[in-house]
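All values derive from a computational prediction rather than experimental measurement. Just so you know, residue 1 is the first one in the sequence shown, and it goes up from there.
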Amino acid sequence: MDWQSESPELWAFLESLHPGDILSGSVAAIERFGVFVALDDGPAHPLFPGVGFIVIPELSWRHIDAPTDVVQVDQRVACEFLQFDTCNAEARLSLKALEPDPLQAFADRTALGQELRGTVERTVSFGAFVDLGDGIVGLLPLREAHGRPATGPQEDFEAGEEITVVVTKIDPPTRRVLLTRPQGADTQGIAQAT
């Protein structure tokens, strides 16, 4: 569809937006692929429930199972404008951009080499994901678990087990936290990650 000629008012509105603009509106519809937002200052969209759209990763910094974990239909929201989607004539928005990043807060308060207590969230063939609290999950590669290759994660850990880990890397751009096990350290009295 040629949005510029078919919906000139919508096109002009979207062209007037700049990355970083804060837009408000109401959640118009929730789909498995994202959330439509009816913007307060924008025209109606001729095909979609709202001219604003939030993809799932832009809803929250934390892992969510469904968009309804974060928003509900008719809920008022404020979002940051990311870009003009010229193909769908939508304002791509971010809800999480207006909230502090918990990984950055974790990086600011956690030193490399620091020991923390965490709970094994799940195991995979290459390691264990450890919940460190506040939505932060780190990877403990199996080769780091005991200084030797393991035959499988079940040999070393099981989900729900509380373990002591050492933070070896925090990489905010890739959103990765890497862990290892302490070398012969007494695991009692280690600080809980908060």
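A 4.5 Å side-chain heavy-atom check between Ile170 and Pro172 finds at least one atom pair inside the cut-off. Between Thr68 and Gln72 the shortest side-chain heavy-atom distance falls below 4.5 Å. With contacts defined as side-chain heavy-atom distances shorter than 4.5 Å, the pair Val71/Ile30 qualifies. Here the side chains of Val167 and Lys169 are not in contact, with every heavy-atom distance at 4.5 Å or above. Looking at Phe129 and Leu140, their side chains never come closer than 4.5 Å, going by heavy atoms from C-beta outward. Side-chain contact between Val73 and Phe36: absent, with no pair of heavy atoms (C-beta onward) separated by less than 4.5 Å. Contact check for Ile163 versus Phe157: side-chain heavy atoms found under the 4.5 Å cut-off. You'll find the side chain of Trp11 stays beyond 4.5 Å of the side chain of Glu6, heavy atoms only.
Note that CG of Leu23 and CD of Glu80 are 9.5 Å apart. Values are rounded to the nearest 0.5 Å. Remark: Ser24 OG to Leu93 CG distance equals 10.5 Å, nearest 0.5 Å. Taking CD of Gln4 as the reference point, atom CD of Glu15 lies at 6.0 Å (rounded to 0.5 Å). Note: Glu58 CD to Ile54 CD1 = 9.0 Å, rounded to the nearest 0.5 Å. Rounded to the nearest 0.5 Å, atoms OG (Ser94) and CZ (Phe81) are 12.0 Å apart. For the atom pair OG (Ser7) and CG (Leu47), the distance works out to 8.0 Å, reported to the nearest 0.5 Å.
Hydrophobic clustering (ILVMFWY, side-chain heavy atoms < 4.5 Å, transitive): Val37 and Leu10 are in one cluster. Placement of Leu95 and Val51 within a single hydrophobic cluster is found when ILVMFWY residues are connected by side-chain heavy-atom separations under 4.5 Å, directly or transitively. No chain of hydrophobic side-chain contacts below 4.5 Å, direct or via other Ile, Leu, Val, Met, Phe, Trp or Tyr residues, connects Leu98 to Leu103. Linking ILVMFWY side-chain heavy atoms closer than 4.5 Å, directly or via other members, places Trp3 and Phe53 in a single hydrophobic cluster. Phe84 is not connected to Ile22 by any chain of hydrophobic side-chain contacts under 4.5 Å among Ile, Leu, Val, Met, Phe, Trp and Tyr, and they are in different clusters.
We find that Arg92 and Asp85 are joined by a salt bridge, their nearest charged nitrogen and carboxylate oxygen being less than 4.0 Å apart. Salt bridge annotation for Arg62-Asp101: absent, with no cationic side-chain nitrogen under 4.0 angstrom from a carboxylate oxygen. The pair Asp40-Arg76 counts as a salt bridge, with a side-chain nitrogen and a carboxylate oxygen less than 4.0 angstrom apart.
When every heavy atom of Val70 is checked against every heavy atom of Gln75, the shortest pair comes out as O-OE1, 3.8 Å. Heavy atoms only, all atoms of each residue included: Pro49 and Ala29 are closest at CG-CB, 3.7 Å. Scanning both residues, Arg117 and Thr164, for their nearest heavy atoms gives NH1-OG1, 2.7 Å. Smallest separation of non-hydrogen atoms from Val120 and Glu158: CB-O, 3.5 Å. When all heavy atoms are compared, the tightest approach of Leu179 to Thr168 is N-OG1, 3.7 Å. Residues Leu142 and Ser125 approach most closely at CD1-O, 3.5 Å, considering heavy atoms.
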Practice item. Output, in order, the C-alpha distance, side-chain angles, deciding distance and verdict of side-chain contact (heavy atoms from CB on, under 4.5 Å) for Phe106 and Leu132. Key: CA-CA 10 Å; Phe106 177 81; Leu132 300 171; 3.8 Å; yes
Exercise for review: Would you please test Val137 and Val130 for side-chain contact (heavy atoms from CB on, under 4.5 Å) and show each step?
Suggested key: CA-CA 5 Å; Val137 176; Val130 180; 5.9 Å; no
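The aromatic rings of Phe48 and His45 lie tilted to each other, with the angle between the two planes from 30° to 60°.
Between the Thr110 side chain and the Ala107 main chain, no donor and acceptor come within less than 3.5 Å of each other. Side-chain atoms of Asp131 come within 3.5 Å of backbone N or O of Gly133 as a donor-acceptor pair. Looking at Lys96, its side chain does come within 3.5 Å of a backbone N or O of Pro57 through a donor-acceptor pair. The main-chain N or O of Asp65 is found under 3.5 Å from a side-chain atom of Asp69 such that the two form a donor-acceptor pair.
No more than 12 heavy atoms of other residues, nucleotides or ligands shown are found within 6.0 angstrom of CG on Asp41. The environment of CG in Asp74 is sparse: at most 12 heavy-atom neighbours from other residues, nucleotides or ligands sit within 6.0 Å.
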